Structures are given as C-alpha cells and as structure tokens.
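Comments concern the structure below.
Each ligand, and each atom within it, is numbered from 1 in the order the structure gives. Because the structure is predicted, anything quoted here is derived from the model rather than measured. Side-chain atoms are counted along with the backbone in the values below, which use heavy atoms only and exclude waters and symmetry mates.
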Amino acid sequence: MLERIARDAEDPAIRGRARRTLALTSAQFAERRTAVAGAPSPSEDFVPHRTINDAGHREDLPGRTVRAEGAPATGDPTADRAYDWLGATFDFFEAVYRRDSIDGAGLAMVSTVHYGDKYDNAFWNGEQMVYGDGDGVLFTDFTAPLDVTGHELVHGVTQYTANLEYYGQSGALNESVSDVFGSLVKQWHLGHSADRADWLIGQGLLAPGVSGVALRSMKAPGTAYDDPQLGKDPQPGHMDDYVETYRDNGGVHINSGIPNHAFYLAATAIGGNAWEKAGRVWYETLTGGSLATDVDFAGFAAATLRAATALYGAEAVETKAVNRAWTGVGVSLEANETQ
Ligand code: ASN
Ligand code: ZN
C-alpha cells in the first residue's frame with residue numbers, strides 16, 4: 001500500500017510473520033484435533049471469547065483489559081466497536097461456514113485499541129488484533145469499518161489454514177482472501193446481496209477532506225481514492241496491469257486487486273448472497289488443505305474451480321461463473337487444471 005503506512009506497519013508486520021511461522025505447528029495441531037473430533041453437529045452453538053485491551057496510545061501489547069466476554073459496554077465507543085465487530089465476525093463464520101473462531105477450535109479473540117500515537121493502521125500480529133486511532137488527517141479510527149476487523153481476523157484464519165506466504169502472488173492472495181471475507185462479513189451483517197453490496201474495503205476510514213471513498217474497491221480496483229496526500233489507489237483489476245515491485249512485500253496490497261475482482265465477478269455473476277456460493281467456494285479453497293503456501297494466482301484459480309466442481313458440479317452455473325471470473329481478470333486456468 002502507501003509508503004507511509006508501509007513504514008508504520010513494518011515492525012508489526014515483520015514480527016507478525018515470524019509469529020505466523022512459529023504458530024504453524026500449533027495450527028497444524030489444532031487442525032488435526034478438529035479432524036479427530038469431527039464436524040460439530042449443526043445444533044451445537046459456538047461461543048466467542050473476546051477480550052478488548054487499551055494500549056493507552058503506547059505500543060505495548062496487549063495493554064490494559066477494558067472489556068472481557070459478556071461484560072457491559074465500557075462507554076469508549078472504540079473499545080465497544082472492537083468488541084461488537086469481533087462478535088459480528090465470529091457470528092458470520094459460525095453461521096455461514098460452521099467455523100468455531102479463527103482457528104476453527106474456539107481460539108480466544110484478543111484485540112488492542114488505541115495502539116500508538118495517531119497510528120495509521122490495524123493489523124493481526126499472529127496472535128491478536130491491533131487497532132490504531134488514525135492520525136485524523138488521512139485516516140480516522142481503524143475500528144470504524146466492520147470489514148477492516150473482518151480483514152484482519154481473516155489473516156488469522158489464513159494463518160491457521162492455507163498459511164499463504166506473505167510475499168508476491170501468494171501474499172496478494174493472502175491479502176485478497178482477507179478482503180473477500182472482510183467484505184462478506186459486512187455484506188452478511190447488512191443483509192446485502194451481491195448486487196446491493198458496495199464491494200468497498202474500509203469505507204468511512206478516510207478522514208474528512210481526503211479525496212476517496214475507501215481503502216480498496218473490489219468492484220473497480222484502482223478507484224478507491226485519488227488524493228494529493230495519499231496518492232492514487234494503485235490496484236490493478238486485471239493481469240495486464242499486474243505490478244512488479246519489491247515494495248509492499250512484492251505488491252501484496254496492490255496485486256490483490258486482481259483476485260479481489262475475480263471474486264467480485266464470480267459473486268455478481270452467480271447472484272444472490274455472495275457468502276452463500278462464491279464465498280463457499282473460496283472458503284473451501286482456503287481451508288480445504290490443497291493449496292501450497294506459495295500458490296500463485298493460477299494455482300489458486302484452479303483450486304477454486306475444483307472446489308466449485310466438487311460443490312456444484314462441472315457444468316453448474318456456479319462453476320462456469322468461477323471459470324469466467326478468472327478469465328475476466330486475465331488469469332489462465334488451462335495450464336493448471338491438471339495439476
Ligand atoms: N492493515 C494491514 C493488513 O492487514 C497491515 C499490514 O500487515 N500491512 O494488510
Ligand atoms: Zn491485510
């Protein structure tokens with residue numbers, strides 16, 4: 001993304017990657033446990049275990065606990081929003097995909113708000129969510145948009161499942177699945193079908209006066225903002241415009257526009273609620289265990305096609321929509337179909 005944000009996020013991102021690697025062993029253990037225990041019966045209710053901490057504008061984690069699961073509202077809208085959005089994200093994964101929290105095994109959801117001084121980002125550090133307040137000039141409070149919380153928590157889901165390497169195309173896929181399910185949490189929460197959804201990530205996050213509508217647009221990558229201070233949204237929506245760069249971990253927040261737009265094309269072609277069919281295909285792809293951690297766009301596309309075929313059949317409209325979506329963003333499926 002932006003140089004400025006990349007700089008601010010550098011340390012936590014590096015720390016996060018190290019933790020992601022360390023967490024792999026426990027993630028595999030958790031998955032094995034889930035496999036042994038078998039799928040829960042549909043009547044079984046999962047319950048979230050949320051803890052909201054306040055860093056008091058320092059950068060020490062996790063900070064002071066201000067709200068534990070079931071406790072009344074704190075009166076701090078930022079802490080209470082973080083609590084509510086964790087709950088909405090938990091409820092989405094439970095209701096739609098029968099997933100019990102981030103790791104599928106009831107992992108406690110920990111968040112820290114008021115992190116740092118005018119900190120311009122939110123992130124998953126491998127263990128918990130962290131939110132800055134924004135500087136008020138470029139960005140407002142990072143707890144504001146539900147899809148930002150969804151995005152960050154899905155980095156946790158990815159860590160515990162496909163564990164996509166945070167570099168190049170697999171990194172852009174890691175970013176993209178966070179946008180896909182971040183957007184789906186919001187769509188589900190609002191009851192928006194694919195044709196009603198705004199397909200924006202971080203709507204409401206840009207400070208007043210910034211020329212833009214959101215951080216990213218899945219419907220029209222590259223159009224979310226164009227501002228003298230922020231620059232122009234650098235996202236491509238087609239392989240013809242793929243950005244080769246060493247910045248941003250090889251363009252993870254840039255080229256994610258391509259798989260983001262593929263998901264948008266698939267979901268809108270299928271119609272109805274995006275989380276039900278296109279979302280199911282992407283969810284099975286992410287969690288199904290068939291992806292290499294360094295999978296590229298073509299490999300991921302082929303995996304979505306296999307998932308769609310398994311779910312709906314080779315000749316189904318859903319499968320054809322997925323196929324056409326990848327073709328629509330210039331990702332070729334032919335070469336990978338036999339892998
Ligand atoms: N908000 C950013 C993200 O989740 C933080 C980062 O890791 N660069 O992608
Ligand atoms: Zn991300």
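- Rounding to 10 degrees, one finds that the Zn ion (ligand 2) sits at the corner of an angle of 100° between His155 NE2 and His151 NE2.
- Look at Lys186 and Asp147 and you find a salt bridge, because one of the NZ, NE, NH1 or NH2 atoms lies within 4.0 Å of a carboxylate O, short of that distance.
- Only the side chain of Asn121 comes within contact range of ligand 1, with a heavy atom under 4.0 Å; no backbone atom does.
- When the heavy-atom distances from atom 9 (O) of ligand 1 to Met129, Glu152, His253 are ranked, the shortest goes to His253.
- The Zn ion (ligand 2) lies under 2.8 Å from an N, O or S atom belonging to Glu175.
- Glu318 has no carboxylate O lying under 4.0 Å from a charged side-chain N of Arg280, or vice versa, which leaves the two without a salt bridge.
- For Tyr115 and Phe142, the ring centers sit 6.0 Å or farther from each other.
- Look at His253 and the Zn ion (ligand 2): no N/O/S atom of the residue is under 2.8 Å from the metal.
- In this structure, Trp124 and Leu153 have side chains that are in contact, with non-hydrogen atoms separated by less than 4.5 Å.
- Under the 4.0 angstrom criterion for non-hydrogen atoms, Trp124 is not in contact with ligand 1.
- Polar contact check, Phe123 against ligand 1: no nitrogen or oxygen pair lies under 3.5 Å apart.
- A donor-acceptor pair under 3.5 Å links the side-chain atoms of Trp85 to the main chain of Ala144, judged by distance alone.
- Residue His155 approaches ligand 1 through these ligand atoms, each under 4.0 Å from one of its heavy atoms: 3 (C), 4 (O), 9 (O).
- With salt bridges taken as basic N to acidic carboxylate O contacts below 4.0 Å, none links Arg216 and Asp233.
- When non-hydrogen atoms are compared, ligand 1 lies under 4.0 Å from neither the backbone nor the side chain of Tyr131.
- Applying the 4.0 Å criterion to heavy atoms of His151 picks out, from ligand 1, the atoms 3 (C), 4 (O), 9 (O).
- With Arg99 as the partner, the side chain to side chain contact (heavy atoms under 4.5 Å, CB included) test is satisfied by one option alone out of Phe90, Tyr283, Phe46, Phe92: Tyr283.
- For ligand 1, the atoms closer than 4.0 angstrom to any heavy atom of Glu175 are 3 (C), 9 (O).
- The contact set between ligand 1 and Tyr166, taken as ligand atoms under 4.0 Å from a residue heavy atom, comprises 7 (O), 9 (O).
- Across every non-hydrogen atom of Tyr131 and Ala82, the tightest pair is CE1-CB, 3.9 Å.
- A salt bridge links Arg67 with Asp80: the closest approach of a Lys/Arg side-chain nitrogen to an acidic carboxylate oxygen falls below 4.0 angstrom.
- Taking every non-hydrogen atom of Ala122 and a distance limit under 4.0 Å, the qualifying atoms of ligand 1 come out as 1 (N), 2 (C), 5 (C).
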